[in-house]
Chemist: 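Can you read through this structure? Questions will come right after.
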Protein chains: 2
Amino acid sequence: MARPERRTVRDLRKGNRAVLLRALYFVGPTSRHELTALTGLSAATVSNVTGDLLADNVIVEAGLVDSDGGRPRVLLRVNPVYGYAIGVDVGETHVRVELFDLDMNEKAKAEYALRPGGHEVELVVRHILAGIEAVLADSGVAPGQVLGVGVGVPGIVESGPDALIHAQTFGWDSVPLGALLREGTSLPLYVDNGAKTMGQAELWFGAGRGSRNAVIALIGSGVGASIITDGVTYRGANSSAGEWGHTKIALGGRTCRCGGRGCLEAYIGAEAILERAGLPLDTATEQAQLAELVRSGSPVIDETVEYLGAGLANLINLFNPERIVVGGWAGLTLGHHLLTKIKKAAAENCLTQPFSTASIVLGRLGPDAVALGAATLVIEEFLLSNTAAPAREAAAL
Amino acid sequence: MARPERRTVRDLRKGNRAVLLRALYFVGPTSRHELTALTGLSAATVSNVTGDLLADNVIVEAGLVDSDGGRPRVLLRVNPVYGYAIGVDVGETHVRVELFDLDMNEKAKAEYALRPGGHEVELVVRHILAGIEAVLADSGVAPGQVLGVGVGVPGIVESGPDALIHAQTFGWDSVPLGALLREGTSLPLYVDNGAKTMGQAELWFGAGRGSRNAVIALIGSGVGASIITDGVTYRGANSSAGEWGHTKIALGGRTCRCGGRGCLEAYIGAEAILERAGLPLDTATEQAQLAELVRSGSPVIDETVEYLGAGLANLINLFNPERIVVGGWAGLTLGHHLLTKIKKAAAENCLTQPFSTASIVLGRLGPDAVALGAATLVIEEFLLSNTAAPAREAAAL
DNA sequence: TGACTTTTTTCAAGATATATACTATGTATT
DNA sequence: AATACATAGTATATATCTTGAAAAAAGTCA
C-alpha cells in the first residue's frame with residue numbers, strides 16, 4: 001500500500017534538485033559528469049539543476065580534476081557556509097549546544113551542567129536559549145544563516161508543533177518543549193528523542209554508514225534503540241518506536257526502574273549492572289566502576305553479555321537488519337572487550353538465517369553524537385526541501 | 001536519509017496514474033470530481049488520466065449519481081475483470097490455490113491435502129501448478145488475463161528471482177521455489193512468507209484497514225508477525241523481518257521447537273500451549289483441544305495470556321503501532337474470550353504512552369486470508385505499475 | 001422554454017527532462 | 001608552435017506533462 005505522490009512538473013525539479021544535492025552531500029566533491037552516473041539524470045539536467053544550485057549559492061565549485069586528454073572536470077560540492085545547523089543535547093547531567101557548518105565541522109559549543117534531579121523545564125529551556133545565543137556569538141554566525149535547531153532529549157517526543165515530551169527520568173509529563181522554545185527563538189525547531197538523534201549520527205557518519213536497514217542500540221544508564229528502515233529513522237505512530245529497554249526479556253524477572261519486571265534495561269542498563277554487582281550508585285564514578293567490572297571478569301558481566309546478546313537477537317529476529325551498531329557509553333565499554341562473546345550470545349538466541357546476514361559492530365562516535373545527530377535533523381530537512389531555505393538570503397550575501 | 005527519486009516528466013504521468021488507480025481501488029466507485037479532492041490533482045489531469053485508464057480498460061464507468069440541480073457525476077471504478085490474481089497458500093496441511101478478480105471475489109479454488117511430514121518440494125510445486133491449471137479451467141479465465149500468482153509459504157523467503165526459502169518445519173533449506181515454479185508457468189510470481197501475506201490481507205481488507213503503522217500478530221502452531229510501517233509491509237534486509245515467535249521472552253526458559261530456550265512461541269504457540277497443559281499433540285483435534293482449554297479456564301491459559309500480553313507489549317514498545325491485530329487460529333480462539341485480559345496483560349508490560357495510543361483488536365479474516373493476502377501481492381504490483389501490465393492485451397479483447 | 005447549477009472536457013500556457021548538436025578546455029602529436 | 005584529439009559541459013529543439021480558464025455537457029427548477 002505504498003502511496004506514490006508527485007503531481008506537477010514543478011515537483012520534478014524540486015525532486016531532482018534534492019537528488020543532486022543529496023548525492024553531493026553524501027558523496028562529496030564530484031563533477032557534473034559523475035553526477036549523471038550517480039543520479040541517472042541526463043547531463044543536460046545535471047547542468048541545469050547544478051546551475052540553479054550554484055546560482056543559489058547552495059553549492060560551490062571546488063577545484064578541477066584533470067583527465068587524460070580532455071577537458072578537466074569541475075568539482076562541485078555543497079557550500080559548507082551556505083548555512084549552519086545547531087544541535088542540542090539535553091542529557092541527564094548537562095545541556096550541550098553545538099553549532100555546525102554544513103560539513104558538520106563544529107564551529108562553536110556551549111555547555112551547561114545540570115544538577116542531579118535539577119531538570120526543571122524552565123531551566124533547560126533557559127540553557128538551550130542561552131546556548132543558542134552563545135554559539136552564535138562565538139562563531140559570528142548570524143541567526144539568519146541558521147537553517148534550524150535540532151534538539152535531542154530523553155523520553156518520548158510526540159511529533160507536532162508543540163513537541164510534547166514524556167520523560168519519566170526527568171519528571172517531564174507532556175512538556176511542550178517545542179512551544180516553550182518557540183517563545184524564545186524564531187529558528188526552525190526539530191525535537192526528537194536523543195537515542196534517535198544519536199542513531200542518526202551513527203547512521204550518517206559513524207558505524208551505520210551506508211546501511212538501509214539497521215538498528216543502533218544505545219546502552220547507557222538507560223537502554224534504547226534507533227531503528228532504521230529503508231535508510232530512514234522509523235518513528236512509528238507517535239514517535240515512540242524503539243523503546244527497546246523496556247521490552248521484556250525475562251518475564252517476571254528483575255524489577256526495572258520503570259516499575260515493570262523483566263525489562264531488558266533491568267539487566268543491561270549501566271545502573272542495573274552495577275546494582276546487580278552490589279556496587280553503590282554514583283553517577284560520577286559509574287563509568288570507571290563498569291570498566292573495572294569488565295576488566296576483572298565479574299560473573300555479573302557474563303550474565304549481562306548473555307542478556308545483551310539475547311536482546312540483540314530479538315532485534316535481529318524482528319527487524320532483520322543488515323547491521324547492528326552497539327553504542328552508548330556502557331555499550332561501548334562492554335563491546336570493546338567482549339564483542340566476540342556478545343556476538344556468540346546473540347547467535348545462540350537468534351534464528352540462523354537473519355543472524356548470518358546481520359553484522360554487529362561497535363559505534364564509532366563519542367558521546368557528542370547526540371548533538372551531532374540533532375543537527376542532522378536540520379540537515380535532513382535542508383536536503384529535502386532546500387528550495388525555500390530560510391537562510392537563503394542571509395547566506396547569499 | 002530518505003532518498004527521493006523520479007526523473008523525467010513521463011514518470012509524472014505514471015505516478016499520477018498510480019495515484020488515481022489506487023484511490024479508485026481503495027475508495028470504490030467515485031466520480032472524477034471527487035477524485036480531484038481525493039488526490040489533489042486538477043480536474044483537467046483527472047480527466048486526462050482517467051481517459052487513459054478508460055481507454056486501456058483498466059477502469060470502467062459504473063453508473064450515475066444525480067446531484068441537486070447539476071450535471072450528474074459519472075462514477076468510475078476499477079474494472080473487476082480487467083485481470084485476475086491467483087493466490088496460493090502453502091500450509092502445513094494443505095496447498096490451496098484461489099483465483100480472484102480485481103474486486104477480490106473468489107472465482108475458483110483448488111485444494112490439495114498434504115500428509116504430515118509430506119512436504120517434499122516437488123510435491124508442493126506439482127500441487128501449485130495443478131492448482132493454477134484447475135482454477136483457470138474452472139473459472140474460464142485465460143492465462144493471459146492473469147496478472148500474476150502470489151504464493152504464501154512458511155519460513156523465510158529471500159527476495160530475488162529464485163525466491164529462496166528456508167523453512168525448518170518443512171525441512172526446506174534454501175529451496176528455490178520461485179525458480180522451480182517458473183519451470184512450470186510463465187505467469188509473474190510473487191513469493192512471500194505466509195504470515196506476511198495474511199497480514200497484508202488484514203491490512204487491506206480486515207481489521208488493519210486504514211492503519212499506517214500496525215503489527216498483525218499471527219498465532220497458530222507457529223507464531224509470527226507482519227509489521228506494517230508507513231502503510232507497507234516491512235521486510236527488512238533479507239525479507240525475514242517479523243520473526244516474533246522466536247524472540248526471547250523468558251531467557252533460559254522453556255525449550256522451543258527451534259532449539260532455543262525462552263522463545264515466545266514456546267509459550268503461546270498452539271502446540272506449546274497444549275504441551276504445557278499435558279495434552280497429546282494431534283493436528284486433527286488441536287483446535288478443539290485449545291478451545292476446550294480456554295472454555296474450562298485452565299491455568300495454562302492464564303499463563304499464556306500473560307505471555308501473550310507481554311509479547312504484544314514488546315511489539316508496542318518497539319514499533320509504536322497505532323493498531324495491533326491478533327490473528328491466526330490460536331490467536332483468535334484466545335482473543336474471542338480473553339481479549340480484555342490480554343489487553344490488561346499488555347498494559348502491565350508496556351510503557352503507558354505507546355500503549356495508550358495502540359488499539360488491540362482481533363483479526364477479521366478467516367484462515368483463507370493467506371491466499372487472499374498472497375493475491376494482494378499481485379494487486380499491489382498492479383496498482384503501482386499498471387502501465388505495462390502483462391494481461392493488457394488479453395483483457396482488452 | 002430558459003435560467004441556473006454542477007460536472008467534465010478542451011485548449012492554451014508554462015515548465016521540465018532529454019537527445020542532439022555544439023562549445024569549451026585540456027593533452028598529445030607533429 | 002600548430003594541429004588533432006578527447007573529454008566536460010552547455011544550448012536548443014522537441015515531446016510531455018500539469019494546470020487554470022474557458023467552454024461544453026447534462027442535468028434541475030421555475
Side-chain angles (χ1 to χ4, degrees), chain A residues 4-21 23-24 29-56 59-77 387-388, chain B residues 4-21 23-24 27 29-56 59-77 386-388:
Chain A
E5 278 193 38
R6 281 304 191 307
R7 316 183 203 303
T8 167
V9 74
R10 232 149 177 168
D11 297 322
L12 266 187
R13 171 56 66 97
K14 197 173 165 186
N16 285 336
R17 206 176 140 114
V19 165
L20 281 166
L21 190 56
L24 281 168
T30 318
S31 72
R32 294 176 178 81
H33 195 68
E34 283 175 283
L35 283 172
T36 63
L38 242 49
T39 62
L41 292 167
S42 70
T45 300
V46 170
S47 192
N48 262 333
V49 179
T50 52
D52 280 7
L53 289 168
L54 280 167
D56 291 347
I59 63 175
V60 291
E61 299 193 343
L64 300 179
V65 161
D66 40 30
S67 59
D68 24 37
R71 174 175 172 176
R73 23 185 92 175
V74 178
L75 294 182
L76 302 173
R77 57 167 301 175
T387 35
Chain B
E5 279 194 36
R6 281 302 193 306
R7 313 183 206 302
T8 167
V9 74
R10 234 152 175 166
D11 297 323
L12 266 186
R13 171 57 64 98
K14 198 173 164 185
N16 285 335
R17 208 177 138 112
V19 165
L20 281 166
L21 190 55
L24 280 168
V27 177
T30 316
S31 72
R32 293 176 179 81
H33 194 67
E34 282 175 282
L35 283 171
T36 63
L38 242 49
T39 62
L41 292 166
S42 70
T45 299
V46 170
S47 190
N48 264 335
V49 179
T50 53
D52 281 6
L53 289 168
L54 279 167
D56 291 347
I59 64 175
V60 291
E61 299 194 343
L64 301 177
V65 162
D66 39 31
S67 59
D68 24 36
R71 175 174 173 174
R73 25 185 90 175
V74 179
L75 294 182
L76 302 173
R77 56 168 301 178
N386 59 86
T387 34

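In what follows, chains carry the letters A, B, and so on, assigned in the order in which the sequence lines appear, proteins first and then strands, with residues in each chain numbered from 1.
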Chemist: Only counting residues at least two apart or in another chain, list the ones meeting side chain to side chain contact (heavy atoms under 4.5 Å, CB included) with B:A62.
Modeler: B:L75, B:R77
Chemist: Show each protein N/O and nucleotides 25-27 of chain C N/O combination with a separation under 3.5 Å, one pair to a line.
Modeler:
residue	atom	partner	partner atom	Å
C:dT25	O2	A:R71	N	3.4
C:dG26	N2	A:G69	O	3.1

Chemist: Which pairs would a plain distance check flag for residues 46-53 of chain A, meaning a side-chain donor or acceptor within less than 3.5 Å of a matching protein atom at least two apart in sequence or in another chain?
Modeler:
residue	atom	partner	partner atom	Å
A:T50	OG1	A:V46	O	2.6
A:T50	OG1	A:S47	O	3.1
A:D52	OD2	A:R13	NH1	2.7

Chemist: With side chains defined as the heavy atoms from C-beta onward, is the minimum distance between A:E34 and A:V65 less than 4.5 Å?
Modeler: no
Chemist: Expressed as a whole number of angstroms, how long is the span from A:D52:CG to D:dT10:P?
Modeler: 12 Å
Chemist: Can you tell me how far P of C:dT18 sits from CG of A:L35, to the nearest Å?
Modeler: 14 Å
Chemist: D:dA26 P sits how many Å from B:E61 CD, rounded?
Modeler: 11 Å
Chemist: Could you pull out all residues at least two apart from A:L64 that satisfy side chain to side chain contact (heavy atoms under 4.5 Å, CB included)?
Modeler: A:P72, A:V74
Chemist: If you restrict it to nitrogen or oxygen atoms, what contacts under 3.5 Å exist between nucleotides 14-18 of chain D and the protein, and what is each distance?
Modeler:
residue	atom	partner	partner atom	Å
D:dT18	OP1	B:N16	ND2	2.6
D:dT18	OP2	B:R13	NE	3.2
D:dT18	OP2	B:R13	NH2	3.0

Chemist: Scan for salt bridge (charged side-chain N to carboxylate O under 4.0 Å, His left out) pairs involving residues 40-49 of chain A, sequence neighbours excluded, and state none if there are none.
Modeler: none
Chemist: Base, sugar-phosphate, or nothing for A:V46, non-hydrogen atoms under 4.0 angstrom?
Modeler: nothing
Chemist: Find the distance B:L53:CG to C:dT9:P and express it as a whole number of Å.
Modeler: 13 Å
Chemist: Among residues at least two apart in sequence or on other chains, which ones pass side-chain hydrogen bond (donor to acceptor under 3.5 Å, both in side chains) with A:S42?
Modeler: A:T45
Chemist: Sequence neighbours left out, what passes side-chain hydrogen bond (donor to acceptor under 3.5 Å, both in side chains) with A:R71? Give chain and number order.
Modeler: none
Chemist: With sequence neighbours left out, write down each residue that passes side chain to side chain contact (heavy atoms under 4.5 Å, CB included) with B:A23, or none if nothing qualifies.
Modeler: B:L35, B:L38, B:T39
